[in-house]
Chemist: 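One structure is given below, represented as structure tokens, and several questions about it will come after.
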Amino acid sequence: QVQLVESGGGLVQPGGSLRLSCAASGIIFSIYPMEWYRQSPGNQRELIATITNARVPNYADSVKGRFTISRDNAKKTLYLQMNSLKPEDTAVYYCHLQLFGVEHWGQGTQVTVSS
């Protein structure tokens, strides 16, 4: 059974940093692309970062240059390093995996950027 568990969210001031983690189980983690999404109130869930099994990243324009996606295949963990955070980054952040056409999501972790 696939499980994705996010952690690392919290309250941070504008300009601050956070690192999110997503621990995966039930899969051969190293062979699948992984993604981070976020959703703020009243908005659709937004894809913000992807990483291939070869560790090639890609970013939405809204986070490019500030966020870094990475993965530790030995630990079966996906990361999102978030720097220079802005109030508009406030959202629930989710890791995501699509496996044989089935969507898998974690429970989400809340990130609030506010002074």
Side-chain angles (χ1 to χ4, degrees):
Q1 182 177 354
V2 178
Q3 271 199 315
L4 302 172
V5 180
E6 299 97 337
S7 62
L11 174 63
V12 63
Q13 292 188 340
S17 298
L18 282 175
R19 188 175 83 153
L20 306 183
S21 299
C22 171
S25 60
I27 59 170
I28 304 173
F29 179 78
S30 60
I31 67 175
Y32 296 108
M34 297 291 297
E35 299 161 335
W36 284 102
Y37 283 74
R38 67 184 181 187
Q39 187 170 22
S40 55
N43 292 315
Q44 289 189 333
R45 201 166 287 192
E46 172 192 18
L47 174 62
I48 58 170
T50 66
I51 187 166
T52 70
N53 58 342
R55 294 188 170 89
V56 177
N58 198 16
Y59 301 95
D61 288 343
S62 57
V63 306
K64 197 173 294 183
R66 301 187 298 122
F67 291 10
T68 302
I69 188 171
S70 62
R71 63 193 299 160
D72 184 330
N73 289 336
K75 294 182 178 179
K76 292 189 175 183
T77 301
L78 178 71
Y79 299 102
L80 185 68
Q81 177 67 44
M82 305 186 295
N83 299 329
S84 302
L85 283 161
K86 305 174 181 179
E88 52 263 43
D89 294 318
T90 295
V92 179
Y93 285 70
Y94 300 90
C95 59
H96 172 263
L97 162 72
Q98 183 167 315
L99 185 63
F100 303 118
V102 178
E103 309 274 352
H104 296 276
W105 299 92
Q107 83 287 355
T109 186
Q110 175 71 47
V111 172
T112 303
V113 185
S114 175
S115 55

Chemist: Applying disulfide (SG to SG under 2.5 Å) as the test, list every pair that has at least one member in residues 24-66; sequence neighbours left out.
Modeler: none

Chemist: Using links of under 4.5 Å between side-chain heavy atoms of ILVMFWY residues, direct or through other members, which residues join Val92 in one cluster?
Modeler: Tyr37, Leu47, Tyr94, Trp105

Chemist: At what distance, to the nearest 0.5 angstrom, does CD of Gln39 lie from CD of Gln110?
Modeler: 11.0 Å

Chemist: From Leu80 CG over to Met34 CE, what is the distance, rounded to the nearest 0.5 angstrom?
Modeler: 12.0 Å

Chemist: Can you tell me how far OG of Ser21 sits from CG of Leu78, rounded to the nearest 0.5 angstrom?
Modeler: 8.5 Å

Chemist: Can Arg45 and His96 be said to form a side-chain contact (heavy atoms from CB on, under 4.5 Å), step by step?
Modeler: CA-CA 11 Å; Arg45 201 166 287 192; His96 172 263; over 6 Å; no

Chemist: To the closest 0.5 Å, what do you measure between CD1 (Ile48) and CD1 (Ile69)?
Modeler: 8.0 Å

Chemist: With clusters built from Ile, Leu, Val, Met, Phe, Trp and Tyr whose side-chain heavy atoms come within less than 4.5 Å, directly or transitively, what are the remaining members of the cluster of Val56, listed by chain and number?
Modeler: none

Chemist: On a heavy-atom basis, which atom in Ser17 and which in Ser84 lie closest, and how many Å separate them?
Modeler: OG-N, 4.4 Å

Chemist: Decide side-chain contact (heavy atoms from CB on, under 4.5 Å) for Asp89 and Met82; before the verdict, give the C-alpha distance in whole Å, the side-chain angles of both, and the deciding distance to 0.1 Å.
Modeler: CA-CA 9 Å; Asp89 294 318; Met82 305 186 295; over 6 Å; no

Chemist: Does some side-chain heavy atom of Arg19 sit less than 4.5 Å from a side-chain heavy atom of Tyr79?
Modeler: yes

Chemist: In sequence, state the C-alpha distance, the side-chain angles, and the governing distance for His104 and Leu99, and then conclude on side-chain contact (heavy atoms from CB on, under 4.5 Å).
Modeler: CA-CA 7 Å; His104 296 276; Leu99 185 63; 3.9 Å; yes

Chemist: Give me the other members of the hydrophobic cluster that Leu11 sits in, counting Ile, Leu, Val, Met, Phe, Trp and Tyr linked by side-chain heavy atoms under 4.5 Å, directly or via other members.
Modeler: none

Chemist: Does Val5 offer a backbone N or O that forms a donor-acceptor pair with the side chain of Gln107 under 3.5 Å?
Modeler: no

Chemist: Looking only at atom types and distance, does a side-chain atom of Thr50 sit under 3.5 Å from a main-chain N or O of Glu35, one as donor and one as acceptor?
Modeler: no

Chemist: Could you give all pairs that pass the disulfide (SG to SG under 2.5 Å) test and reach residues 48-115, with sequence neighbours left out?
Modeler: Cys22-Cys95

Chemist: Should Val63 and Trp36 be marked as a side-chain contact (heavy atoms from CB on, under 4.5 Å) after you check the CA-CA gap, both sets of side-chain angles, and the distance that decides it?
Modeler: CA-CA 11 Å; Val63 306; Trp36 284 102; over 6 Å; no

Chemist: Kindly list each side-chain donor-acceptor pair under 3.5 angstrom involving residues 23-32, sequence neighbours excluded, with atom names and distances?
Modeler:
none

Chemist: Give a yes or no on whether Glu103 atom CD has more than 12 heavy-atom contacts from other residues, nucleotides or ligands under 6.0 Å away.
Modeler: yes

Chemist: Taking Asp61 first and then Lys64, would you say they form a salt bridge - that is, a charged N and a carboxylate O separated by under 4.0 Å?
Modeler: yes

Chemist: How many angstroms lie between atom OG of Ser40 and atom OH of Tyr93, to the nearest 0.5 angstrom?
Modeler: 8.5 Å

Chemist: Phe67 pairs by side-chain contact (heavy atoms from CB on, under 4.5 Å) with which of Leu85, Asn83, Leu20?
Modeler: Leu85

Chemist: Is it true that the side chains of Ser62 and Glu46 contain a donor and an acceptor less than 3.5 Å apart?
Modeler: yes

